[in-house]
Amino acid sequence: MIALATFRLAAYIRSHRMFQALLLALAMLAILYGSRAPRGGEASALTDGAVLIIPILAWAARSLLDTEPDRQRELSAIQVGGRGREVAAGLMAAFATCVAFAALGMGAALLLGVSQAPSRGVLAAALVLNALAALTGTALGALTSRAVINSPALSIMGLLLGFLAMLLLSSSPLHWLTVPLIAWMKAANGGHLLDQLPELGAITLVWCLIGLGAYVWLRRRVG
């Protein structure tokens, strides 16, 4: 299973699909961190980056899962001993890709987006949020991959609409009904990120696990 995940990562890089997400990420980071946040705004700058890079992470996860042809995916399931392991290998590779892009985003935020080094607490919270962003991107990308949504147009629309739905719903009092992205940003802007992180992190983790569980269930049905 690990060998298959490594194979998919290598195929994703060799196919040059990685550069699509990389160029999008670099463009977004250049715009977002064109000027440094003032002192005291480290939490907001790091949190905004973690939120805004999520659609790019989802794009990367979707592209990785779509790199392998359908027949090759079926063959991979046979070789690793079942569809469950094949699905798990794909998710492992997609999550690793999202982590790499999230690390790039956080590195850019620390180097270009803040006027002074954040405190240890803020830095730890930013690491947690970027890990959750990678998990969110993996789930959203997987649910809009070709194995679930066969039409490329509908897949891209689903990805963008899914992210917009998260933003709109999380800006309402019912933010707990989705990944609370706007609540992340509000907590950071209000100086309450460290206090609210356990609650927001738990809500995010639950919805990501639900999304990944739905993907696994759909893959077992549609192949």
Can you tell me if [X] uses its side chain to pair, donor with acceptor, with the backbone of [Y] under 3.5 Å?
X: Arg62; Y: Ser145; value: no
X: Arg17; Y: Ala11; value: no
X: Glu42; Y: Gly40; value: yes
X: Ser115; Y: Ala37; value: yes
X: Ser155; Y: Thr144; value: yes
X: Thr178; Y: Ser170; value: no

For a quick check under 3.5 Å, do Tyr215 and Arg219 share a side-chain donor-acceptor pair by atom type? yes
Does [X] share a hydrophobic cluster with [Y], counting links as ILVMFWY side-chain heavy atoms below 4.5 Å and allowing steps through other members?
X: Leu23; Y: Met28; value: no
X: Ile31; Y: Met185; value: no
X: Val128; Y: Val114; value: no
X: Leu194; Y: Ile203; value: no
X: Leu22; Y: Leu111; value: yes

Rounded to the nearest 0.5 Å, how far apart are [atom1] of [X] and [atom2] of [Y]?
X: Ile13; Y: Thr97; atom1: CD1; atom2: OG1; value: 7.5 Å
X: Leu65; Y: Tyr12; atom1: CG; atom2: OH; value: 10.0 Å
X: Leu181; Y: Asp48; atom1: CG; atom2: CG; value: 11.5 Å

Ile2 atom CD1: more than 12 heavy-atom contacts under 6.0 Å: no
Taking atom CG of Asn189 as the centre, does the number of heavy atoms from other residues, nucleotides or ligands within less than 6.0 Å exceed 12?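 More than 12 within 6.0 Å, yes.
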Which pairs pass ring-ring contact (aromatic ring centres under 6.0 Å, His included) with one or both residues in [range], sequence neighbours excluded?
range: residues 167-191; value: none
range: residues 138-166; value: none
range: residues 43-100; value: none

Determine, for Glu86 against Arg8, whether the closest basic-nitrogen to carboxylate-oxygen distance falls under 4.0 angstrom.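 Here Glu86 pairs with Arg8 in a salt bridge, since their nearest N and O are under 4.0 Å apart.
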side-chain contact (heavy atoms from CB on, under 4.5 Å), paired with Val51, selected from Thr136, Leu167, Leu129: Leu167
Going through the distances and angles, do Ile54 and Val179 end up as a side-chain contact (heavy atoms from CB on, under 4.5 Å)? CA-CA 11 Å; Ile54 286 177; Val179 177; 5.5 Å; no
Under the side chain to side chain donor-acceptor pair (under 3.5 Å) rule, collect the residues that match up with Arg14, sequence neighbours excluded.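 None.
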Which residues pass the ring pair (Phe, Tyr, Trp, His ring centres under 6.0 Å) test with Phe19, not counting sequence neighbours?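 Expected list: His16.
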One pair to check against side-chain contact (heavy atoms from CB on, under 4.5 Å): Arg36 and Gln116. What are the steps and the verdict? CA-CA 9 Å; Arg36 296 180 183 272; Gln116 65 179 11; over 6 Å; no
With side-chain contact (heavy atoms from CB on, under 4.5 Å) as the test, would you mind laying out the steps for Thr138 and Leu212 before giving the verdict? CA-CA 8 Å; Thr138 302; Leu212 293 173; 4.3 Å; yes
Other cluster members, Leu123 - Ile/Leu/Val/Met/Phe/Trp/Tyr, side-chain contacts below 4.5 Å: Leu46, Met106, Leu110, Val122, Leu127
Could you tell me if the side chain of Leu29 sits less than 4.5 Å from the side chain of Leu104, heavy atoms only?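 Side chain of Leu104 against side chain of Leu29, heavy atoms only: contact under 4.5 Å found.
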